[in-house]
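Written below as structure tokens is the structure these notes are about.
Every heavy atom of this structure was used, including side-chain atoms; hydrogens, water molecules and symmetry mates were not. In this text, all values refer to a predicted model and were calculated from it rather than measured experimentally. Sequence lines set the chain letters: A, B, ... in the order given, protein chains first and strands last, and positions in each chain run from 1.
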There are 2 protein chains.
Amino acid sequence: MRQDTRLSRLLHVLLHMAETDQPLTSQDIAAMLGSNAVVVRRIMAGLRDDGYVAAERGHGGGWRLVRRAEEITLADIYRSLGAPELFAFGLSNPAPDCLVERSVNATMDETIAAATAALMAKFTEIRLSDIQSDVAARRTRVAAGQEPR
Amino acid sequence: MRQDTRLSRLLHVLLHMAETDQPLTSQDIAAMLGSNAVVVRRIMAGLRDDGYVAAERGHGGGWRLVRRAEEITLADIYRSLGAPELFAFGLSNPAPDCLVERSVNATMDETIAAATAALMAKFTEIRLSDIQSDVAARRTRVAAGQEPR
DNA sequence: GAATCAAGTAACATACAAAGTATCTTGATA
DNA sequence: TATCAAGATACTTTGTATGTTACTTGATTC
């Protein structure tokens, strides 16, 4: 199944936004992502509505981060995307007549609920600033020739 | 994103197969699933190749379970499906030049790896026989009028 | 051995959501 | 007034599970 890359793309974008005071235009961001300015506006809209970024129009406009990297978790970003489906698998029929299928659904629902809770806990733990630390460490390794440029 | 319902469908089918000695034809199974005989053969092929079910052709043919319900876990079924993608989200670019994106990928990979391990552990714990117990309990509740027929 | 049944297989069609694209509007700045 | 950039709308593309048709292979029954 084709995968939803919005969360990963937003992390990438937000980290670049955190590294500069200059507003980034949708076009700039699209170039970073190998994508399209309209797609960028589409995936950024939720973050704007939730107050993590601000967009300004006209000359010198673009997107800015308006919260500190310590204050934004992966869970925040995920929710701003509208909390899309996390799992590639799911029930065939959510409300079947067949009793056997109802038991299958109950088992799957329980499994999915537990996995969702675990994943959301992880998302809540990870702050943008944690990834910034990883970037800094990676830059050091690259400078030391321990990781390809 | 549209979801992969093969795992859930196979559980449903295998439990019905476990309840009878009669072989079930692909057509019978398709009717249970509200699907198509060709789709059934497609999703059952892996289980046949892995020795969990057997298919026989001709008169009186069809699919039979050839392992006990205690001997089949959700993980077995998942693997027989070819271990399809578990998560609906993923990386945008698996091998980026951008250092920031590499850190994003590292973070996401780690999160996904942990969630995969947890989910597979759960899949390994759940046997077909566990769901059979739930079906039995559900039948009792339905007979007592505690759950809709 | 002819008819029938059912799995095996191949090729093609459909559905659907993320992603991509084109075009226009709104608002801000130079 | 021209230009820039977000906002918004409508449409297209893409990839994968699923659905469908048609044909082949193999087994059973009469």
Only one of A/Asp134, A/Leu15, A/Asp130, A/Leu11 forms a side chain to side chain contact (heavy atoms under 4.5 Å, CB included) with B/Ser103, so which one is it?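 Of the listed residues A/Asp134, A/Leu15, A/Asp130, A/Leu11, the side chain to side chain contact (heavy atoms under 4.5 Å, CB included) partner of B/Ser103 is A/Asp134.
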Can you tell me which residue among B/Leu33, B/Asp4, B/Leu14, B/Ile29 is in a side chain to side chain contact (heavy atoms under 4.5 Å, CB included) with B/Arg9?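 The option that passes is B/Leu33.
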Touch check for [X], heavy atoms < 4.0 angstrom, all strands: base, sugar-phosphate only, or nothing?
| X | result |
| --- | --- |
| B/Arg42 | base |
| B/Leu24 | sugar-phosphate |
| B/Ile43 | nothing |

Among residues at least two apart in sequence or on other chains, which ones pass ring pair (Phe, Tyr, Trp, His ring centres under 6.0 Å) with B/Phe123?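 By the ring pair (Phe, Tyr, Trp, His ring centres under 6.0 Å) rule, B/Phe123 matches A/Phe89, B/Tyr78.
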How far does CD of A/Glu19 sit from CD of A/Gln132, to the nearest 0.5 angstrom?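 Between atom CD of A/Glu19 and atom CD of A/Gln132 there are 7.0 Å.
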D/dT20, D/dA8, C/dA19: which one has an atom nearest the side-chain heavy atoms of A/Val38?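 The closest nucleotide is D/dA8.
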Under 4.0 Å between a side-chain nitrogen and a carboxylate oxygen: does that hold for A/Glu71 and A/Arg127?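 Salt bridge flag = no for A/Arg127 with A/Glu71.
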C/dA15 base / B/Arg2 side chain donor-acceptor hit below 3.5 Å: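 Under the 3.5 Å cut-off, the side chain and the base do form a donor-acceptor pair.
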Quick one: is [X] getting a side-chain N or O under 4.0 Å of the [N] phosphate, OP1 or OP2?
| X | N | answer |
| --- | --- | --- |
| B/Arg9 | D/dG19 | yes |
| B/Ser35 | D/dG19 | yes |
| B/Thr25 | C/dA6 | no |
| A/Arg6 | C/dA17 | no |

Could you pull out the protein-nucleic contacts involving nucleotides 26-30 of chain C (nitrogen or oxygen on both sides, under 3.5 Å)?
{"residue": "C/dT26", "atom": "O2", "partner": "A/Arg57", "partner atom": "NH1", "Å": "2.7"}
{"residue": "C/dG27", "atom": "N2", "partner": "A/Gly58", "partner atom": "N", "Å": "2.9"}

A/Asn36 has an atom CG; how far is it from atom P of D/dG7, in whole Å?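 Rounded to the whole Å, the gap is 15 Å.
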Expressed as a whole number of angstroms, how long is the span from B/Asp4:CG to C/dC16:C1'?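 After rounding, the gap between these two atoms is 14 Å.
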Between A/Arg41 and A/Leu33, which is nearer to the 5' end of DNA chain C once each is assigned its nearest nucleotide?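 It is A/Leu33 whose nearest nucleotide is closer to the 5' end.
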